[in-house]
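Chain A is the first sequence line, chain B the second, and so forth, proteins listed ahead of strands; every chain is numbered from 1.
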Amino acid sequence: MLITNIKTEILTVVAAACRNLFGLQPEPLKLGYPPQVELGDFTVECFPLAKQFRQNPAKIAQTIAAEIEPSESIQSVRAVGPYLNVKIHNHALFGGVCDEIVRQKESLGNADRGQGQRVMVEYLSPNTNKPLHLGHIRNGVLGMTVSKLLETTGHTVIKANLVNDRGVHICKSMLAWLKWGEGRTPETTGTKGDHFVGDWYVRYAQAENQQPDLEQGTQEMLRKWESGDPETLKLWELMNGWVYGGFAETYQKLGLEFDAFYYESHTYNLGKDLIQMGLEKGAFVETEDGAVIAKLPVNEFGTQRDGSQKVETLLRSDGTSVYVTQDLGTAKMKFDEHQLDRSIYVVGSEQNYHFQCLFKLLDMLGFEWAPECYHLSYGMVNLPEGKMKSREGTVIDADDLIEEMFQLAADEIWQRDSAGRLSDEEVQKRAFAIGMAAIKFYLLRVRPELTINFDPKESISFDGFTGPYCQYAYARCASILRRAQTQDLASVDADFSLLGNKEELQLIRALIQFPEVVEEAARDLSPARVCNHLFIVAQTVNQFYHKHPVLSAESSPLIKARLALVNASAAVIKKALALLGIETLEEM
RNA sequence: GCGCCCGUAGCUCAGCUUGGAUAGAGCACCUGACUUCUAAUCAGGUGGUCGCAGGUUCAAAUCCUGCCGGGCGUGCCA
């Protein structure tokens with residue numbers, strides 16, 4: 001029997017008992033889990049019934065428990081205080097869950113809560129004047145995991161990258177390269193393209209202090225770019241091309257994927273028509289000097305320092321657009337182009353105010369989809385020495401970090417392989433998977449809104465609440481399943497009624513809860529929920545593994561039953577890791 | 001000033017949406033377990049006024065109000 005059917009049966013039976021005893025349909029009841037597995041597999045609280053039937057909840061629990069007859073799946077219902085603790089027959093519980101999980105395979109944990117809704121997840125949004133850093137990694141793994149969570153719960157997801165490819169900061173690296181580059185390229189210097197361009201940006205920043213006239217040069221270049229000067233555009237395309245080449249490598253290593261790219265060079269003029277529309281509707285107003293502003297409601301935005309209403313500029317007095325102007329246009333374009341039902345922006349919390357404004361402005365313009373825009377805000381990643389500041393060079397470069405994690409994992413693997421059995425290729429493959437697991441898990445395991453104070457020591461740890469720990473639990477399962485193939489068990493049937501010790505019960509519960517966790521994680525856009533539950537599954541697997549032999553269990557039917565449990569556990573861990581963008585390894 | 005976010009063990013966090021069984025992990029520290037399916041593991045121990053004060057409730061880490069501490073922002077930058 002499917003586990004969902006068992007859950008439904010419990011609630012149905014309790015409701016029926018209430019009707020018999022009190023002659024009334026009870027308020028909707030909640031199915032939970034007792035704090036210890038020894039108490040039962042499921043629990044129903046009787047507090048709501050106490051209110052409804054005006055009786056002591058413990059008394060009600062007792063009466064109901066006495067009323068319920070055991071069934072094919074329900075072994076017993078016991079009242080413990082105000083709780084109805086339900087024990088399911090072990091053969092039904094373990095057999096049902098293991099069977100269900102194995103049959104679902106990749107669709108494990110899927111749900112249709114999305115009902116095909118079209119959702120855009122915009123994330124990463126890099127600048128093309130410097131390489132990616134640690135903050136981008138947090139953004140990237142968040143965006144990817146949220147996308148996968150939505151996909152797995154029945155949404156059609158469009159992953160978008162809004163590339164900031166224009167502006168004065170881009171001109172700085174262009175100018176520096178023109179002045180001092182002497183025609184060098186990423187190819188001639190053997191430098192990754194984004195780092196190559198980033199180096200010229202740094203070079204500019206260094207020279208800026210001594211040569212204030214450089215500033216004029218970049219402004220001049222920006223004007224040329226905007227007027228479409230062919231040579232400037234050519235240089236711009238050349239250098240951006242280098243950056244994209246470099247980015248592509250990093251995306252690949254991090255497993256970041258995109259279905260749509262937006263470039264600010266295309267979008268920066270969008271939105272002016274919407275401003276006009278807003279003026280006509282009376283939503284926005286024009287000031288004396290020709291700028292266009294919107295007045296923000298005090299109840300949502302508070303007041304300015306002097307107590308007056310807050311105001312947002314939408315169009316400069318010279319008629320040119322600002323950040324929010326183009327974002328208004330881009331927001332509409334996204335909905336028009338992709339028939340979106342929902343639009344999610346994965347952007348750091350320092351832009352909370354910007355998105356609050358943006359969404360309010362869309363609302364003021366009367367777009368009915370405005371409430372479907374959501375800013376998935378995440379906290380900054382600080383270093384031990386403080387904030388990351390690219391201008392001061394206090395950043396952790398994404399490629400450097402990836403390389404460092406890889407090296408650490410490789411060292412660890414070599415230490416464990418003193419006999420030197422592993423090929424270089426195998427070591428590299430494992431080291432990469434383990435290193436990336438460590439960093440991704442480290443960034444995803446806390447709620448997005450929390451600031452992370454990057455602790456290098458903790459981030460590279462492979463023990464405890466980490467990605468490699470979870471990978472290891474999977475590898476152990478895989479090892480058992482591999483060895484089982486060499487045993488002759490084909491003719492034996494699993495006897496699930498032989499399962500039921502504490503560790504097995506804890507494990508099966510963790511597996512049962514997995515689909516619920518995936519739904520909650522998708523609903524809350526919170527990968528941390530997946531991390532936490534994945535860790536619980538891995539932990540219970542390790543406890544079970546340590547205490548109860550699988551392949552040398554007392555009887556063949558027990559071996560088969562435990563193998564099924566191991567198989568189901570492996571499937572859940574694999575799916576959970578996949579949602580987090582972490583590879584599984586058959587051996588570690 | 002105003003807005004948003006955070007405050008739970010020495011450190012990093014979970015639990016808060018939807019109030020409910022003795023508040024859970026990891027790290028660190030101490031003790032123990034590899035001739036046994038991988039010790040990147042497991043078992044045990046030490047460690048908590050859930051920021052403070054009120055309120056709602058049979059019941060509050062969880063909901064409400066006020067305060068304190070920290071972070072991020074706060075109209076022609078992105």
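- For B/rA43, the OP1/OP2 oxygens have a side-chain nitrogen or oxygen of A/Gln543 closer than 4.0 Å.
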Report task. Would you sort out whether A/Trp225 and A/Tyr268 count as a ring pair (Phe, Tyr, Trp, His ring centres under 6.0 Å), showing the intermediate values? Result -> CA-CA 13 Å; A/Trp225 184 89; A/Tyr268 84 110; 5.7 Å; yes
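- The phosphate of B/rC27 (OP1 or OP2) has no side-chain N or O of A/Arg445 nearer than 4.0 angstrom.
- Here A/Thr303 lies in heavy-atom contact (under 4.0 Å) with a base.
- An OP1 or OP2 oxygen of B/rA43 is reached within less than 4.0 angstrom by no side-chain nitrogen or oxygen of A/Tyr545.
- Between B/rG55 and B/rA60, the two P atoms lie 12 Å apart (nearest whole Å).
- Taking every side-chain heavy atom of A/Arg529 into account, B/rC16 is the closest of B/rG73, B/rU38, B/rC16.
- For the P atom pair drawn from B/rA23 and B/rG45, the interatomic distance equals 15 Å after rounding to whole Å.
- With hydrogens and angles ignored, a donor-acceptor pair under 3.5 angstrom links the side chain of A/Asn85 to the base of B/rA21.
- Counting any heavy atom pair closer than 4.0 Å across all strands shown, A/Ile413 reaches a base atom.
- Between B/rU22 and B/rA39, the distance separating the two P atoms is 37 Å to the nearest Å.
- Across all strands shown, B/rG45 is found opposite B/rC29 as a Watson-Crick or G-U wobble partner, with both distances under 3.5 Å.
- Relative to the side chain of A/Ile293, the nucleotides B/rU22, B/rG75, B/rU38 differ in distance, and B/rG75 lies closest.
- Using a 5.5 Å limit on the distance between ring centres and a 30° limit on the angle between planes, the aromatic ring of A/Tyr83 counts as stacked on the six-membered base ring of B/rA21.
- With B/rU74, B/rC16, B/rA78 as the candidates, the nucleotide lying closest to the side chain of A/Tyr323 is B/rA78.
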Query raised in the report: What one-letter contact string describes nucleotides 4-11 of chain B from 5' to 3', where B marks a base within less than 4.0 Å of any protein heavy atom, S marks contact via sugar-phosphate atoms alone, and - marks no contact?
Result: SSSS----
Requested in this report: List the steps, then state whether ring pair (Phe, Tyr, Trp, His ring centres under 6.0 Å) holds for A/Tyr345 with A/Phe359.
Outcome: CA-CA 11 Å; A/Tyr345 297 79; A/Phe359 299 158; 5.7 Å; yes
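- Using a cut-off of 4.0 Å between Lys/Arg side-chain N and Asp/Glu carboxylate O, A/Glu426 and A/Arg421 are scored as not salt-bridged.
- Summarising the base pairing, B/rU38 is matched to no nucleotide, lacking a Watson-Crick or G-U wobble pair whose two defining distances lie under 3.5 Å.
- Looking at A/Glu312 and A/Lys360, no side-chain N of the basic residue comes within less than 4.0 Å of a carboxylate O on the acidic one, giving no salt bridge.
- Distances were taken from every side-chain heavy atom of A/Arg476 (C-beta onward) to each of B/rC37, B/rU38, B/rU74; the shortest belongs to B/rU38.
- Residue A/Leu361 holds its CG atom at 10.5 Å from CG of A/Leu274, rounded to the nearest 0.5 Å.
- Across all strands, A/His548 comes closer than 4.0 Å to base atoms (heavy-atom distances).
- Side-chain atoms of A/Phe535 lie closest to B/rG26 of the nucleotides B/rU17, B/rG75, B/rG26.
- Distances shorter than 4.0 Å separate some side-chain N or O of A/Lys387 from OP1 or OP2 on B/rC72.
- Every ring pair (Phe, Tyr, Trp, His ring centres under 6.0 Å) that A/Tyr123 has, sequence neighbours left out, goes to A/Phe258.
- A/Glu587 comes within 4.0 angstrom of a base, heavy atoms only.
- Backbone-only engagement by A/Val446 is indicated by non-hydrogen atom pairs under 4.0 Å involving sugar-phosphate atoms exclusively.
- In the set B/rG20, B/rG75, B/rU38, the nucleotide with an atom closest to the side chain of A/Ser479 is B/rU38.
- A sub-4.0 Å separation between OP1 or OP2 of B/rA40 and a side-chain N or O of A/Tyr472 is present.
- Side chain of A/Lys30, nearest nucleotide from B/rA21, B/rC72, B/rU18: B/rU18.
- Within the shown strands, B/rG71 is the pairing partner of B/rC4 under the Watson-Crick or G-U definition, both distances less than 3.5 Å.
- A ring-ring contact (aromatic ring centres under 6.0 Å, His included) with A/Phe535 holds for exactly one of A/Tyr472, A/Phe441, A/Tyr469; it is A/Tyr469.
- Residue side chain A/Phe47 meets the stacking definition with respect to B/rG20: its ring centre sits within less than 5.5 angstrom of the base's six-membered ring centre, and the planes differ by less than 30 degrees.
- Proximity of A/Arg416 to the phosphate of B/rA40: a side-chain N or O atom is located under 4.0 Å from OP1 or OP2.
- Residue A/Gln539 places at least one side-chain N or O closer than 4.0 Å to OP1 or OP2 of B/rG26.
- Nucleotide B/rA53 forms a pair with B/rU65, judged by Watson-Crick or G-U wobble geometry with both contacts under 3.5 Å.
- For B/rA40, neither phosphate oxygen OP1 nor OP2 lies less than 4.0 angstrom from any side-chain nitrogen or oxygen of A/Arg430.
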